[in-house]
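Worksheet: one structure, shown below.
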Amino acid sequence: MAVQPEEKIITFETYYDVMLAHIIRTKLEGYGIPCFIADENTIGSNPLYNQAVGGIKLKIFERDLERCREILAAEGDLHDQDHIEIDDETLNAVICPYCGSTNVRYGSATEKRVHWFTAIISFLLMIFPFYSRKAWHCFNCQRDFE
């Protein structure tokens, strides 16, 4: 099948587990959907880059987006089954309020990490900020939430 030059490649999902990304990729390829994994070698060479790079990305053609969602929904997405985060305070599963995904983790915020006052003081004193905001981060829609 010839690929048209105007076809757009998008990030379907982002993973922090290399094996899980390969399992999902293999499942989609089994259904005839062309896909590939990006940033695997960068993170494999130095796992500390995982947060900076944004995880291992599963790339697909935009035209296959709905079919990929249907395939993973029909067979049960392995990521959602194996890695559901539980909020320690409410003891409920954490679900992204923006896209409904359970592909979330709690850690350093990616948006509005440091308060402006802390950033100015840190710059003037030439030190790293002592405080970094923490939040839930969704790896499907790439947004932070409380």
Side-chain angles (χ1 to χ4, degrees), residues 1-120 122 128-146:
M1 174 167 77
V3 176
Q4 302 297 327
E6 64 271 358
E7 291 188 77
K8 186 176 178 184
I9 295 175
I10 61 170
T11 300
F12 177 61
E13 285 189 344
T14 305
Y15 302 95
Y16 282 113
D17 183 4
V18 178
M19 294 308 293
L20 182 59
H22 278 286
I23 290 169
I24 300 295
R25 178 190 57 84
T26 304
K27 182 184 289 190
L28 294 176
E29 286 178 345
Y31 282 92
I33 296 175
C35 55
F36 66 95
I37 294 177
D39 297 329
E40 174 187 11
N41 292 333
T42 304
I43 293 170
S45 65
N46 189 347
L48 296 176
Y49 291 153
N50 207 346
Q51 193 74 13
V53 173
I56 300 158
K57 296 163 192 72
L58 180 61
K59 301 282 189 172
I60 62 169
F61 287 109
E62 190 172 34
R63 68 171 188 261
D64 296 326
L65 179 61
E66 287 305 315
R67 187 159 176 243
C68 290
R69 287 181 179 161
E70 290 170 5
I71 290 168
L72 293 181
E75 293 194 12
D77 186 349
L78 294 174
H79 191 280
D80 289 341
Q81 291 175 358
D82 293 342
H83 296 86
I84 294 177
E85 293 287 336
I86 304 295
D87 187 5
D88 292 335
E89 295 175 8
T90 63
L91 299 176
N92 294 328
V94 179
I95 299 172
C96 175
Y98 301 105
C99 69
S101 171
T102 57
N103 186 9
V104 297
R105 292 283 186 268
Y106 187 76
S108 295
T110 58
E111 302 168 357
K112 300 177 187 171
R113 286 184 166 178
V114 179
H115 191 271
W116 64 269
F117 183 72
T118 306
I120 290 173
S122 298
F128 290 111
F130 294 109
Y131 171 76
S132 176
R133 187 175 78 88
K134 300 219 181 243
W136 288 98
H137 179 75
C138 176
F139 295 107
N140 287 357
C141 67
Q142 303 299 322
R143 296 177 78 177
D144 289 342
F145 59 94
E146 297 298 323

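Computed from a predicted structure; not experimentally measured.
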Quiz: residues 30-43 side-chain donor-acceptor pairs under 3.5 angstrom, not counting sequence neighbours:
unit_1 : atom_1 : unit_2 : atom_2 : d
Tyr31  : OH     : Glu75  : OE2    : 2.1
Asp39  : OD2    : Lys57  : NZ     : 2.6
Glu40  : OE1    : His22  : NE2    : 3.3
Glu40  : OE2    : His22  : NE2    : 2.9

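When all heavy atoms are compared, the tightest approach of Tyr16 to Gly55 is CE2-CA, 3.6 Å. Closest of all the heavy-atom pairs between Glu62 and Ile10 is CA-CD1, 4.0 Å.
Side-chain atoms of Ile9 and Phe61, non-hydrogen and from C-beta on, do get closer than 4.5 Å to each other. Residues Leu28 and Leu58 form a side-chain contact, since some pair of their non-hydrogen atoms from C-beta on lies under 4.5 Å apart.
The CG atom of Asp64 sits 8.5 Å away from atom CD1 of Ile71, with the distance rounded to the nearest 0.5 Å. How far OG1 of Thr26 is from CD of Glu29: 6.0 Å, rounded to the nearest 0.5 Å. In this structure, CG on Leu65 lies 10.0 Å from CD on Glu70, to the nearest 0.5 angstrom.
Contacts of Arg67 classified as salt bridge (charged side-chain N to carboxylate O under 4.0 Å, His left out), with partners at least two apart in sequence or in another chain: none.
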